[in-house]
Amino acid sequence: MPLRRARRRLKGPENMRLSRYLLPILKETPSEASIVSHQLMLRAGMIKQEAAGLYAWLPFGYKVLRRIEQIVHEEQQRAGALPMLMPTIQPAELWRESGRYDAYGPEMLRVRDRHERDMLYGPTNEEMITDIFRKTVTSYRDLPKILYHIQWKFRDEIRPRFGVMRAREFLMKDAYSFDLTKEDAIHSYNRMLVSYIRTFERMGLTAVPMRADTGPIGGDHSHEFLVLAETGESEVFLDRAVTELNLGDADIDFDDQAHVAGIVEKWTSPYARTDETHDQSVFEAETPEERRLTARGIEVGHIFYFGTKYSEPLKAMVTGPDGGSTPVEMGSYGIGPSRLVGAIIEACHDEAGIIWPEAVTPFHAGIVNLKQGDSKADAACETIYTALRKAGLDPLYDDREERAGAKFASMDLIGLPWRVTVGPRGLKNGVVELTERRGGASEEMTPEEAVARLSSVYLN
RNA sequence: CCGGGCGUAGCGCAGUCUGGUAGCGCGACGGUUUUGGGUACCGUAGGUCGGGAGUUCGAAUCUCUCCGCCCGGACCA
C-alpha cells in the first residue's frame, strides 16, 4: 500500500515520533568540542559542523533557534520596532561611502560577482539600513522609526571556537533607530533596553545589562546584556540586586518616555560591569559588601546609541520643523539568537544533559513508552500523544524499540522539561508518571491528569 | 596571526618511537534475550590510515609538501 503509507507520512504530527524524526544522539562526546554547550549540542543531534565556525542546524536544534527567534520578534514588535529583511550580500559601494570598507579588515568576507563588482557578505547592516532610510524618509514627521531584521551574518574570525557561541556565520537580530534629536534617540535606546530585559526574561534567563565601553562616541548609552553562567567567557561584577529584579507581565507603554526611562533607571543604576570596564573602587563604594557578586557571563546582546556616525557620511538627512536639514540620530541594537542557543545550554544543564527552559524548549514534553509493542502501552501513548497535540502542545513520542534505560538517558540528554513515562506496570493501576527534568520530581497520575497538567503549565 | 596539539570505520581511541600490509570499545545491521535508568550473548557489514610526492623489496609508521580540525593567546557579537 505505497499510497496509503505516503499519505500517512504527510500527516504533520507523525513527524514528532522519534522513530521518524532525525535525532542523531551521540553516546560519547565528540573530541572536537571543549565547552559543555558545544558538546551537548553535538550529542543531542542539534547541529553538525561543516567547517570551522560553520554549522548546519539539524531539526532539533533548528526548532530551538526558531523558538528563540519567535520571542525576539514578538518583543521587538511589542516595543514598536518594524520587522524587515535585508540581504546577506551587500555591494561594497555603501561601505566605501562610510569608510568602513578599508577599515574593516580581513574579518569581512569579500566576494566579486560575475560583473567583477565588489561585494561582501554582510558582517552588520548599518550602511545598508542608513541607505534605505535616506532613500525613503526625508521629513522629521516620519520619525521616530525603529527597523529590525533577523538575518545571517558572517565575520571571518581568525579563530572561531566554542561551537555556535563564536561561529563565523551567526544569526543576528539587529535593530536600528532613527530620531530627530539626541533626546528622542535616547528614548529609542531605552525602548530597546526595556525590550531586551523582557526578551531575555521570557527565555528563562538571568541576563543583566552592563555598562559597556562607548568608544569614541562617549556617554553612557551602550550596554551589553550578559547571561550569567558558570562557564561564561568574561568575568562580571555586579550588585546582586539587579538579578532580583523582575519585569514579569508588566504592562509597558513604550511611547511613554518617563515610564520607559524609569524602568531603565531601575535596571541600570545597580553596579554591573564586565572585567573590561570594571572599577573595583567604584564597585565597593556603590555596593554594600553582602550584595557584591562576582560571576561569569556570556554576552548575548549589545545596544548602543551612536548619533550621526553613519548618517553624516551617508548623508541621511531629514528636514526639521524649522525647515533646516539635519543628519538623523541613530542607534543600533543586536541580539544573537544562534549564540543564545549555546548560552542557554551553558546556563541550563546538568551532568545528564540539557534542561530547556519551557519558553524555548523544542518540544513541550517527551512521551516514553517503556514497552514498545505492548498493546496497552502503545495505545496509552497514542492517546496521550494525540491529546497533547489537540491541546495545542508539541510532544515528542519516543516510540523506538529501545530499552527503557536508553530512552530515559536520551530524554535527559535532549532536555525536554517534562516527561510522561508510560509502561504496563503503571497502566495496571491506571497511571502514568509525570517527571520534571529540572530536579527530577516524579508524580503518578492518570493519563488525562497528565495532559491537563501539561496544558496548564504551558497554556496559562 | 603567534604558540601548542591532532587527523586511523558513524563516534571515542590503540597501533607511529623500533617500517612487514590495520585493531579495540561504542554505534549500525541480522538474530536470541521481554528486559522500568545507555541489558547480555551470537553473528554480519563497514577503513583511499586527511591529500600529494619521495625513501624502501615493503610505509598508518620515515622524509618533504599541501590541506583540515582542535586548544591557549591576540582579536571579537
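Just so we're on the same page: letters track the sequence lines, and every chain starts at 1.
A/L40 has its CG atom 18 Å from the P atom of B/rC11, to the nearest Å. Rounded to whole Å, atom C1' of B/rU39 lies 16 Å from atom CD of A/E401. Remark: P of B/rG72 and CD1 of A/I35 are 9 Å apart, rounded to the nearest angstrom. Separating the CZ atom of A/R43 from the P atom of B/rG38 is a distance of 14 Å, rounded to the nearest angstrom. Distance A/I158 CD1 to B/rA74 P: 12 Å, rounded to the nearest Å. The separation between A/L26 atom CG and B/rG38 atom C1' is 13 Å, rounded to whole Å. Between A/L413 atom CG and B/rG27 atom P the separation is 15 Å, expressed in whole Å. Distance A/E276 CD to B/rA77 C1': 12 Å, rounded to the nearest Å.
Within the 4.0 Å cut-off from OP1 or OP2 of B/rC70, at least one side-chain nitrogen or oxygen of A/Q49 is found. Listed pair A/S34 / B/rC70 fails the phosphate criterion, with no side-chain N or O lying under 4.0 Å from OP1 or OP2. Side-chain N/O atoms of A/T29 include none lying less than 4.0 angstrom from OP1 or OP2 on B/rG12. Considering only side-chain N and O atoms, A/R159 lies under 4.0 angstrom from the phosphate OP1 or OP2 of B/rG72.
For the residue pair A/R100/A/Y310, the side-chain donor-acceptor check at 3.5 Å is satisfied. Neither side chain, A/Y397 nor A/E382, offers a donor N or O lying under 3.5 Å from an acceptor on the other. One side chain, A/R400 or A/S410, offers a donor N or O that lies under 3.5 Å from an acceptor on the other. Between the side chains of A/S195 and A/E75, no donor-acceptor pair of N or O atoms lies under 3.5 Å. If you check the side chains of A/E276 and A/T274, you find no donor sitting under 3.5 Å from an acceptor.
Annotation: B/rA14 and B/rU35 have their C1' atoms spaced 33 Å apart (nearest Å). Taking atom P in both B/rG52 and B/rA60, one finds a spacing of 12 Å when rounded to whole Å. Of the P atoms belonging to B/rG3 and B/rG12, the separation is 28 Å, rounded to the nearest Å. A gap of 14 Å separates the C1' atoms of B/rC13 and B/rA22, to the nearest Å. When the C1' atom is used for both B/rG23 and B/rU8, the distance is 10 Å, rounded to whole Å. Atom P of B/rC6 sits at a distance of 16 Å from the matching atom of B/rC64, rounded to the whole Å. Atom P of B/rG50 sits at a distance of 8 Å from the matching atom of B/rG7, rounded to the whole Å. Look at the P atom in both B/rU18 and B/rU61: the space between them is 14 Å, to the nearest Å.
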Next on the checklist: Using salt bridge (charged side-chain N to carboxylate O under 4.0 Å, His left out), reason through A/R453 and A/E443 one step at a time and then give a plain yes or no.
Outcome noted: CA-CA 11 Å; A/R453 181 79 71 84; A/E443 209 181 318; 3.1 Å; yes
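In the set B/rC76, B/rG38, B/rC70, the nucleotide with an atom closest to the side chain of A/R155 is B/rC76. Looking at the side chain of A/E28, the nearest of the listed nucleotides B/rC69, B/rG12, B/rG38 is B/rG12. Here B/rA77 is the nucleotide among B/rG38, B/rA77, B/rG36 with the atom lying nearest to any side-chain atom of A/H302. Nearest to the side chain of A/A52, among B/rC1, B/rC69, B/rG38, sits B/rC69. For A/P30, taking side-chain heavy atoms from C-beta onward, the closest of the listed nucleotides B/rA77, B/rC11, B/rG36 is B/rC11. In the set B/rC70, B/rG38, B/rG36, B/rG36 carries the atom at the smallest distance from any side-chain atom of A/P424. Here B/rC76 is the nucleotide among B/rG36, B/rC76, B/rC71 with the atom lying nearest to any side-chain atom of A/E157. Considering only the side chain of A/L370, B/rG36 comes nearest among B/rC75, B/rG36, B/rC26. Among the nucleotides B/rG37, B/rC69, B/rG27, the one closest to any side-chain atom of A/K27 is B/rG27. Among B/rG12, B/rG73, B/rC75, the nucleotide with an atom closest to any side-chain atom of A/R161 is B/rG73.
A/A409 comes within contact range of at least one nucleobase, with a heavy-atom separation under 4.0 Å. Among the atoms of the strands shown, none is found under 4.0 Å from any heavy atom of A/D374. The residue A/G426 sits close to a base: some heavy atom pair falls under 4.0 Å. Residue contacts shown for A/A167 include a base, since a base heavy atom lies under 4.0 Å away. Using a 4.0 Å heavy-atom distance criterion, A/A51 is classed as a sugar-phosphate-only contact. Heavy atoms of A/G336 sit nowhere under 4.0 angstrom from any nucleic acid atom.
Side-chain atoms of A/R403 and base atoms of B/rG36 include no donor and acceptor less than 3.5 Å apart. At a cut-off of 3.5 angstrom, the base of B/rG37 holds at least one donor-acceptor pair with the side chain of A/R419. For a distance-only test at 3.5 Å, the side chain of A/E402 fails to qualify as a donor-acceptor partner of the base of B/rG38. Within 3.5 Å, a donor on the side chain of A/R166 pairs with an acceptor on the base of B/rC76, or the reverse.
Mapping A/E233 and A/I25 onto RNA chain B by nearest heavy atom places A/I25 closer to the 5' end of the strand. Nearest-nucleotide mapping onto RNA chain B: of A/G301 and A/E50, the residue sitting toward the 5' end is A/E50.
Nucleotide B/rC24 has B/rG12 as its partner under the Watson-Crick or G-U criteria, with both atom distances under 3.5 Å. Pairing partner, B/rC62: B/rG54, with both Watson-Crick or wobble hydrogen-bond distances short of 3.5 Å. The partner of B/rG3, taking Watson-Crick or G-U wobble pairs whose two distances both stay under 3.5 Å, is B/rC71. The partner of B/rG38 is absent, by the rule that a Watson-Crick or G-U pair needs both atom distances under 3.5 Å. Using N1 to N3 plus N6-O4 or O6-N4 for Watson-Crick, or N1-O2 and O6-N3 for G-U wobble, each under 3.5 Å, B/rG47 pairs with nothing. Nucleotide B/rA77 forms a pair with no other nucleotide shown, judged by Watson-Crick or G-U wobble geometry with both contacts under 3.5 Å.
Counting heavy atoms from C-beta on, the side chains of A/E126 and A/S98 never come closer than 4.5 Å. A/M172 has its side chain out of reach of A/R339: every pair of non-hydrogen atoms, C-beta onward, lies at least 4.5 Å apart. At least one side-chain heavy atom of A/Y196 sits under 4.5 Å from a side-chain heavy atom of A/Y333.
Using a 4.0 Å cut-off between charged nitrogen and carboxylate oxygen, A/E201 and A/R198 do not count as a salt-bridge pair.
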